[in-house]
Every structure is written in structure tokens, then in C-alpha cells.
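Data block below; observations after.
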Amino acid sequence: MRASQFFMPTLREAPAEAELPSHQLLLRGGFIRKLAAGVYTYLPLGWRVIRKIEQIVREESDRIGGIELFMPALVPEELLDETGRSKLDILFKLKDRHQRPFTLGFTHEEVITDIVRHTVSSYRQMPLLLYQIQTKFRDEPRPRGGVIRAREFIMYDGYSFDTDEQALETMYQKVRRAYTRMFQRMGLRTLIVDAEAGAIGGGSNEEFMILADSGEDKVLQCDKSGYAANAERCELPDPKLTPPPIDDVPPMQKVDTPNARTVEEVCAFLNTTPDRLVKTLLMRVDGKPVAALVRGDRELNPYKLMRAAGGESVEMMDAETIQHLTNAPVGFAGPVGLPPEVPIYADYELRGLQDFITGANAPDAHLIHVCWGRDFPEPIWADLRVAQAGDPSPRHPEGVLREVRGIEVGHIFQLGTKYSQAMGAMFTDADGTQKPIIMGCYGLGVSRCLAAVVEAHHDEDGIRFPITVAPFEVILILVNPEDAEQRAAAERLYAELLALGVEVLYDDRDERSGVKFKDADLIGIPLQVVVGRAVKDHQVELRLRTDKNPERLPLDHAAQAIAERIQAMKAALQPTEEV
Ligand code: ATP
Ligand code: MG
């Protein structure tokens with residue numbers, strides 16, 4: 001490709017709103033352009049990278065027996081009614097001319113399950129792994145970082161269908177290894193972490209994170225074992241605390257705390273510290289009221305409560321019900337005197353705490369000198385609080401959790417029968433019995449990977465693409481287009497490289513050489529070949545984007561040497577993991 005005939009509108013400066021390096025560089029380098037919040041065009045350079053990422057993802061999926069299809073972006077809303085997901089506020093919704101409700105696909109579990117329930121009926125048709133690479137639409141509350149969190153984005157989504165849990169486990173591990181290979185091939189080093197299933201639901205699931213300080217996700221990593229988890233999911237061990245004696249604790253007492261609702265306000269008012277306070281959170285698990293207790297300086301992890309209570313959904317209780325249950329406005333709930341049908345769960349840590357402060361279930365009042373087992377029944381102990389850096393590891397007795405930031409590039413789930421049950425996707429097993437199909441689903445953010453690659457590979461001058469996903473393998477820089485000898489050499493080398501199948505961007509533009517070098521560094525093509533003054537000695541210069549020491553190559557052998565160099569660079573990114 002001749003740069004003079006290409007379309008690569010670079011910008012001198014990135015718009016002020018771009019904070020992440022990847023966002024700035026992709027805008028400046030002319031890879032993406034914003035149309036609206038979270039809605040981007042992939043300009044030619046960006047699109048070439050996207051196509052390479054897609055190709056890697058395709059090849060690795062096909063290697064493990066995946067079969068590609070393409071589902072519609074336009075999805076009838078009634079299909080999502082079958083699983084209850086039509087209520088999600090992340091959905092873009094629209095109506096057709098007959099006022100029939102549609103959504104724009106945000107992920108395709110329902111669509112694929114609909115296909116499979118009408119086509120797969122026998123154990124002989126499984127295992128089956130179907131996948132697509134499609135545009136997804138999500139009305140994200142906070143689009144961010146350019147294509148990292150967009151509202152329209154490209155995703156790889158795979159779905160597996162198996163006859164039993166064992167087969168699902170085998171499939172899941174295969175996909176997991178394929179993902180590892182995909183990211184290795186893109187030059188991304190990923191950490192696999194335990195994760196929360198979110199709106200997808202189902203059983204065990206893991207995320208692939210690339211570590212970056214700018215990452216939105218908080219990951220906690222044990223310093224002694226291999227355990228790593230999204231902070232949303234991270235387990236904590238039961239510290240098995242001994243309850244302090246309560247013989248000397250004065251009787252529970254109600255005190256007025258006018259307008260003091262928050263932990264800070266109550267502590268200021270009662271002149272105490274948050275670790276002497278117990279927060280009572282009224283929640284609903286599968287619609288039923290549940291109370292959760294955590295120390296005043298801790299956060300409740302609602303999903304931990306959901307699992308402790310054996311439920312599948314969790315939400316905060318509405319203010320009206322709270323008022324009804326506690327006879328007080330929100331902010332004064334406590335465990336003492338709750339109706340017996342509301343089970344009380346408490347974080348493990350509270351087993352070591354007595355003589356604490358709680359809400360009084362009365363307006364503007366709190367209770368002091370409260371003891372569990374005395375003033376209210378011993379609660380159900382569970383791991384309920386959000387884990388944080390410095391907490392003990394759940395996997396090693398001496399391990400401590402450390403925090404790193406990550407960007408989630410992939411997420412794989414063992415769904416089990418959540419969708420097949422809800423939508424009636426059944427099969428006849430070898431013994432003749434009817435069973436729900438066992439499913440898995442696998443998502444990978446193709447467009448997010450464009451940003452992730454840049455986040456992982458850049459310096460102050462621009463992007464440093466790994467060769468496997470670079471928009472071109474080589475940028476051929478003609479230093480002085482006026483110089484007939486230089487131009488002839490560049491044209492010759494360009495033709496030779498093309499003949500060898502090398503992807504070359506030939507910067508033949510009528511620009512100052514300084515501009516060309518700056519642009520070359522910015523757009524990050526891994527090999528820079530400079531045709532300049534050295535042509536007089538029948539030589540060209542080869543520089544790596546990652547190592548500026550130029551190397552001289554004789555013009556006659558340059559094309560061959562460059563092609564070999566490319567092969568070596570590609571080989572270095574070959575995955576080590578087998579499938
Ligand atoms: P997040 O927690 O980041 O909102 P998610 O867990 O809802 O994402 P999944 O449903 O697991 O996302 O989607 C699979 C993959 O698609 C993610 O791992 C991520 O790489 C990508 N992805 C998800 N949401 C977006 C988005 N808004 N923009 C770009 N890529 C996204
Ligand atoms: Mg996810």
C-alpha cells in the first residue's frame with residue numbers, strides 16, 4: 001500500500017477527553033474515530049488490526065473444532081422474555097413499523113439456544129461448539145477509553161453444547177487453552193482469574209485479564225499460591241475467630257442519633273470508630289428478604305450473600321419494604337427485632353466482635369452494647385465482605401492478597417442448564433431419557449483487544465505493535481522523494497517485498513522526512529525500512545520499532561532478509577500451549 005494513496009488521517013494531538021494511552025494513540029494514529037459516546041468508526045489502519053485479531057481468534061477456534069456462523073444483531077424482545085433478560089437496562093431497544101419490540105443483540109445465548117432447541121435432539125449431535133464474530137450493542141452507563149468500553153463493539157462469542165457436566169468440563173478446558181493461545185499470538189500476556197458471572201449467570205467462570213494500571217478491573221492475587229480473582233468475586237477464608245466473652249458487656253441500650261445514618265455520621269455522633277459498628281443491609285435473594293451484617297468499615301459483596309443464601313439473583317430491598325420491615329427509614333436497620341422470617345447472615349469477621357453498635361429499627365436511633373447470641377439469635381456465618389488488598393488468601397495459610405489492575409479481554413462460563421432449562425432445549429440421551437443440554441459460553445472482546453494491545457505495547461512516541469496484529473508488517477520510508485536514486489531503490493524494494501508476500505506500507509508521500517519518521521513511530525509498524533542517503537552505497541537501513549539501533553542491509557538482499565526477519569518475529573509469538 002502506498003501511503004500517498006492510503007487513508008490514514010493522523011492527528012497532531014488527541015482530544016482532551018482521551019485519558020488512556022491506548023485511546024489517545026488510536027485516535028492520533030488514525031485507527032479509530034468517534035461518532036458518538038461509545039460509538040466508533042474503525043479507520044483503515046484500525047480495521048486491518050481488527051481483521052488480524054479476528055483471524056487469530058477464528059483459527060484457534062477452528063483448531064478445537066469450533067464452527068462459525070453468524071447470528072442477527074436484531075433480536076425479538078420476546079425471545080429474551082424467556083430468560084427474563086428483556087428487563088436488563090443495558091439493552092438497546094427499538095420497535096419495528098408494526099410496533100413489535102426488538103433489541104439489538106448484547107450477547108446471543110437466547111438466539112443460539114433457540115436455534116439449538118429446534119435442531120439438536122440427540123446425544124449423537126454433541127459435543128458442539130458454535131461461534132460467531134459479531135457486533136454487540138450495550139447501553140453502557142459509562143462508555144470509556146475509546147473502544148475499551150464502547151456501546152457498539154465487536155465480540156467473538158462461542159457457545160458449547162454437551163450431554164453431561166464432564167463433557168462440558170472437557171470442552172471448557174479446551175476453549176480455555178485456545179484462549180490462552182489466541183492472546184499469546186496477539187502478544188498479550190493474560191492472567192486467568194475467577195470471576196463473577198454477572199448478567200450471564202450459570203456456574204464457574206473465569207476472566208482473561210491483561211494487567212495494566214489503567215485497567216478498570218481490580219484483581220486480587222495471592223502471593224503464595226496461584227489464586228487470582230476479580231475483586232468482585234474474590235473469596236476470603238473463614239478466620240475462625242473466637243467470640244469474645246460477653247459477661248461484662250453492659251445491657252443493650254437505645255441511643256438517639258438524630259439524622260445520623262451513614263457509618264461516618266454515626267461514628268462522629270457516638271465518638272467511635274467504624275470497626276465497632278455493624279452495618280445491616282436488607283437485600284432480596286430470589287425475591288425473598290434477607291439481612292446481611294458486615295463490619296462498619298467493610299463492603300457487602302451481594303453475590304457472596306446470594307451464594308450463601310443459595311439463590312440465583314440478588315438486589316437491594318426497596319425503601320418502602322425496608323420502612324415496612326424496620327419501622328424506620330433507610331439507614332437505621334439493625335438485626336435486633338427483625339421479623340423471624342428474615343434470615344440474618346453475618347460475615348465471618350463478626351464472630352470475633354461483640355459489644356457493637358447497630359441501627360435500632362427505629363427512626364433516628366441506634367443500639368449500643370449489642371451482642372449476637374444475646375440480643376438477637378446467632379446469625380448464619382458466611383464469607384460476605386468484599387475482599388481487598390492485604391486480606392488473607394483463601395488458598396494458602398500464609399498467603400496475602402495483593403491488588404493489580406486489569407483489562408478484561410475474555411470471559412468464559414460453564415453455564416450448565418440455565419438457558420436450556422429456561423428455553424426448553426432438550427435432547428434424548430443414549431439411554432432414551434430426555435435431558436436439558438449442558439451449555440458453556442465464551443466471550444472475547446475483539447475490538448477491546450485492539451485497545452488492549454496498544455495499552456500493553458507503546459512508548460512515548462507511539463504504538464509498538466506485535467508483528468502478528470500490526471496493520472502492516474513493514475513501513476518502507478522513502479526519505480527524499482525528489483532524489484531519483486532513492487526513489488528508484490524504494491520502488492524496487494517495495495515491489496520485491498510485495499512479491500514475497502510481505503505487508504508493506506510504502507511511505508512515498510511528499511512530506512518532510514521528520515514527519516514520516518514521527519508518523520511511523522506513532523502508528524507502530526514493527527519494522528521500519530529507511531531508504532535514504534545510504535542508497536549511494538547500495539544500502540538501506542532496517543530499524544525495529546522496539547529497538548532504534550539501525551542495521552544496514554545491502555539493497556540487493558534486503559527484501560529477503562526482511563522477509564526472514566518477519567518470519568522469526570512471528571515464530572517468537574507462536575503459542576507454547578498445546579490444545
Ligand atoms: P464488563 O464486566 O467489562 O462490563 P462483561 O463481563 O459484561 O464486561 P462479557 O459479557 O463477559 O462482558 O463480554 C465478553 C467480552 O466482551 C468481555 O470479556 C470484553 O472483552 C468484551 N466486552 C464486554 N463489554 C464490552 C464493551 N462495552 N466494549 C468493548 N468490549 C466489551
Ligand atoms: Mg465479563
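Bear in mind the structure is a predicted one, so any value in this text is a computation, not a measurement. Computed from heavy atoms alone, side chains included, the values below leave out hydrogens, waters and symmetry copies. Atoms within a ligand are numbered from 1 in the order they appear, just like the ligands themselves.
Salt bridge absent: E77 and R100 never bring a charged side-chain N and a carboxylate O closer than 4.0 Å. The existence of a salt bridge linking E216 and R149 is confirmed by a sub-4.0 Å separation between a basic side-chain nitrogen and an acidic carboxylate oxygen.
Here the CZ atom belonging to R233 is positioned 7.0 Å from the CG atom belonging to N205, to the nearest 0.5 angstrom. Here the straight-line distance linking atom CZ of R33 with atom CG of L26 works out to 12.5 Å at 0.5 Å rounding. Between the CE atom of M8 and the CG atom of L505 there is a distance of 5.5 Å, given to the nearest 0.5 Å.
Using a 4.0 Å cut-off to heavy atoms of R138, the atoms of ligand 1 that qualify are 5 (P), 7 (O), 9 (P), 10 (O), 12 (O), 13 (O), 23 (C), 24 (N). Annotation for ligand 1: atoms under 4.0 Å from non-hydrogen atoms of E140 are 24 (N), 26 (C), 27 (N). Against a heavy-atom cut-off of under 4.0 Å, V147 is close to the following atoms of ligand 1: 29 (C). Within ligand 1, the atoms closer than 4.0 Å to a non-hydrogen atom of M155 are 13 (O), 14 (C), 16 (O), numbered from 1 in the order shown. Applying the 4.0 Å criterion to heavy atoms of G410 picks out, from ligand 1, the atoms 18 (O). Against a heavy-atom cut-off of under 4.0 Å, V409 is close to the following atoms of ligand 1: 18 (O), 20 (O).
At least one heavy atom of A150 sits less than 4.0 Å from an atom of ligand 1. Distances from ligand 1 to the non-hydrogen atoms of I407 include no value under 4.0 Å.
Using cut-offs of 30° and 60° for the angle between ring planes, the F472 and F6 rings count as perpendicular. Using a 30° and 60° split on the angle between ring planes, Y40 and H23 fall in the perpendicular class, above 60°. By the 30° and 60° cut-offs, the orientation of the rings of F413 relative to H411 is parallel. Under the 30°/60° scheme for interplanar angles, the aromatic rings of Y131 and Y156 are found to be tilted.
Between D217 and ligand 1, not a single N/O pair is under 3.5 Å apart. Remark: ligand 1 and E408 share an N or O pair separated by less than 3.5 Å (distance only, no angle test). Geometrically, ligand 1 and F413 share no nitrogen or oxygen pair separated by less than 3.5 Å. The distance criterion of under 3.5 Å between nitrogen or oxygen atoms is not met by G443 with respect to ligand 1.
For F208 and F183, the gap between ring centers is short of 6.0 Å. Ring to ring, F106 and F137 are not that close: their centroids are 6.0 angstrom or more apart. Taking the six-membered ring for Trp and the full ring otherwise, F7 and Y42 have centroids separated by 6.0 Å or more.
The proximity of R149 to ligand 1, defined as any non-hydrogen pair under 4.0 Å, involves the side chain as well as the backbone. Neither the backbone nor the side chain of T107 comes within contact range of ligand 1; no heavy atom lies under 4.0 Å. Using a 4.0 Å cut-off between heavy atoms, D157 makes no contact with ligand 1 at all.
The closest heavy-atom contact to atom 30 (N) of ligand 1, among the options F106, F208, F153, Y156, comes from F153.
Side-chain N/O atoms of Y227 and S393 include no donor and acceptor closer than 3.5 Å. Between the side chains of R284 and T321, at least one donor N or O sits under 3.5 Å from an acceptor N or O.
By the criterion of a separation under 2.8 Å, the protein N/O/S atoms near the Mg ion (ligand 2) amount to E408 OE2, H411 ND1.
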